[in-house]
Amino acid sequence: MKAFLQALALATSLLFTADLQAEIKIAALHPLLADLAEQIGGENVSIVNLLKPGAEVHHFEPTSKDLASLKGVTLVLASGKGAESYLGKLADSLGSGVKVVEVGQTIPSIKTSNGHVDPHWWHSPDHMKRALRVISDELSGLDPAHAELYKTNATAAAQRLDTLKSWAIQQLATIPKADRTIVSAHNAFGYFCKAFGFRSIPLLGLQSEDETTPKQIAEAIAAIRELKVRAVFPEDQANPKVLAEITRETGAKIGRPLVADGTAMDAHTFEKMLRHNVAALVEGLR
Ligand SMILES: [Zn+2]
């Protein structure tokens, strides 16, 4: 009898503990957001990664299996700025019980010459800090019991970003000012260029499959010659033939591929992406 009561007490306490540690379940539509949410939420938050590392940001569409994996999710973190073309449909299918937050929404947008909003806000450490605040506030709203913890974790993550930013600035300072030009495949580095004082010459549009016009190529070649650009950069998911053509025409070399959309298999956290890109730029342009 005593053993039975002890077992019962243990079972009850286990149940009670399990209840206290109940996780909140959220989903991230970008691996970089999942990483931030994990840094803030730790063990209290379980995260469904809808867009997996290696996936292509601009053409992703959730499958019915993806949608089924969202069962029990109360919050969905999206990049926003139009990065998720399927977002409206997804929000409709999830219904009003699930909050969909566009994390990049309040970050000032860069627009292309034809007025399109550039969705690649994730290349700036300051933008990532803003994203930390947005995610921390959302998690605290869902789970007020752990609000202090989320705030502390977000502050620690922001400090790591400050350290990372200082490192990046120091590294990039080794590239002479006149050589700070990024010739990339698609138009993904506008926010990076703004954050770190670079010029951007993209060969493709905001999405990696956009066509390059002969006029664009001619302009890029002229700019590369004039600015004496030493290296042009393919991307982890795009290596257009036009890059080879440009190197033949200009004598610029081909640099190491840059991580453009934050979904590279070996660099899908902001820290890894930034460290990779800064190292590749320094190597190619210094
Ligand atoms: Zn992109």
Side-chain angles (χ1 to χ4, degrees), residues 24-41 45 47-51 55-62 66-67 70 73-144 147 150-151 153-155 157-158 161 165 186-195 200 205-207 260-263 268-270 273-274:
I24 45 176
K25 188 176 171 187
I26 69 165
L29 303 184
H30 198 296
L32 297 179
L33 298 178
D35 176 52
L36 296 185
E38 205 178 311
Q39 290 184 54
I40 300 168
V45 179
I47 305 167
V48 179
N49 260 297
L50 209 63
L51 186 119
E56 215 280 333
V57 169
H58 302 294
H59 297 100
F60 176 75
E61 285 273 353
D66 290 328
L67 292 176
L70 297 181
V73 157
T74 46
L75 172 70
V76 174
L77 301 174
S79 301
K81 292 201 188 299
E84 297 93 357
S85 56
Y86 57 87
L87 199 58
K89 260 197 290 183
L90 179 69
D92 286 348
S93 73
L94 291 173
S96 57
V98 182
K99 190 170 181 188
V100 178
V101 174
E102 297 185 47
V103 177
Q105 198 61 32
T106 60
I107 290 166
S109 294
I110 291 180
K111 285 189 179 171
T112 61
S113 51
N114 49 12
H116 291 132
V117 171
D118 180 350
H120 303 87
W121 59 265
W122 47 77
H123 283 294
S124 148
D126 291 339
H127 293 174
M128 281 290 145
K129 278 171 78 174
R130 199 191 276 232
L132 281 172
R133 286 198 296 275
V134 172
I135 297 170
S136 169
D137 287 350
E138 292 298 336
L139 293 182
S140 300
L142 275 181
D143 179 20
Y150 297 146
K151 205 173 161 193
N153 288 348
T155 305
L161 281 173
K165 182 182 170 185
H186 85 297
N187 189 358
F189 290 92
Y191 294 92
F192 181 100
C193 288
K194 196 167 178 213
S200 172
L206 289 170
Q207 303 194 353
D261 290 331
T263 61
H268 52 267
T269 66
F270 178 72
M273 176 179 70
L274 187 72

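- Val76 pairs in a side-chain contact (heavy atoms from CB on, under 4.5 Å) with only one of the listed residues (Leu33, Ile26, Leu94), which is Leu94.
- At least one donor-acceptor pair under 3.5 Å links the side chain of His123 to the backbone N or O of Ala260.
- Residue pairs meeting the salt bridge (charged side-chain N to carboxylate O under 4.0 Å, His left out) criterion with at least one member in residues 98-113, sequence neighbours excluded: Lys99-Glu138.
- Shortest non-hydrogen contact noted between Val103 and Ala131 is CG1-CB, 3.5 Å.
- Residue Leu161 holds its CG atom at 7.5 Å from CG of Leu36, rounded to the nearest 0.5 Å.
- Residues Pro31 and Thr269 have side chains not in contact (no heavy-atom distance under 4.5 Å, counting atoms from C-beta outward).
- The shortest distance between side-chain heavy atoms of Val45 and Leu142 does not fall below 4.5 Å.
- Between Ser124 and Ala195, the shortest heavy-atom contact is CB-CB, 4.0 Å.
- The distance from atom NE2 of His58 to atom NE2 of His186, rounded to the nearest 0.5 Å, is 3.5 Å.
- For the pair Leu90 and Leu67, the minimum side-chain heavy-atom distance is below 4.5 Å.
- How far OH of Tyr86 is from CG of Leu50: 6.0 Å, rounded to the nearest 0.5 Å.
- Residue Ser79 comes nearest to Glu84 through the heavy atom pair N-OE2, 2.6 Å, listed as atom of the first residue, atom of the second, then distance.
- Contact detail for Ala157 and Gln39: the closest heavy-atom pair is CB-OE1, 3.4 Å.
- His120 has its side chain out of reach of Val57: every pair of non-hydrogen atoms, C-beta onward, lies at least 4.5 Å apart.
- Residue Lys25 holds its NZ atom at 10.0 Å from OG1 of Thr74, rounded to the nearest 0.5 Å.
- Side-chain atoms of Glu56 and Thr263 form no donor-acceptor pair, as typed in the model, at a separation below 3.5 Å.
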Show which side-chain atoms of residues 187-194 pair as donor or acceptor with protein atoms under 3.5 Å away, not counting sequence neighbours.
{"residue": "Tyr191", "atom": "OH", "partner": "Ile110", "partner atom": "N", "Å": "2.9"}
{"residue": "Tyr191", "atom": "OH", "partner": "Asp118", "partner atom": "O", "Å": "2.6"}

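- Minimum interatomic distance between Leu29 and Ala78 (heavy atoms only, all atoms of both residues): CD1-CB, 3.7 Å.
- A distance of 13.5 Å separates NZ in Lys165 from CE in Met128, rounded to the nearest 0.5 Å.
- Contact check for Lys81 versus Ser109: side-chain heavy atoms found under the 4.5 Å cut-off.
- Side chains of Leu70 and Val98 form no contact here, defined as non-hydrogen atoms less than 4.5 Å apart.
- Aromatic ring pairs are classed by plane angle as parallel below 30°, tilted from 30° to 60° and perpendicular above 60°; the pair His30 and Trp122 is tilted.
- Closest approach of Val73 and Ala27 over heavy atoms only: CG1-N, 3.9 Å.
- Using cut-offs of 30° and 60° for the angle between ring planes, the His127 and Trp121 rings count as tilted.
- Considering CG of Asp261 and CZ of Phe60, their distance stands at 14.0 Å, rounded to 0.5 Å.
- Here the side chains of Ile47 and Leu77 are not in contact, with every heavy-atom distance at 4.5 Å or above.
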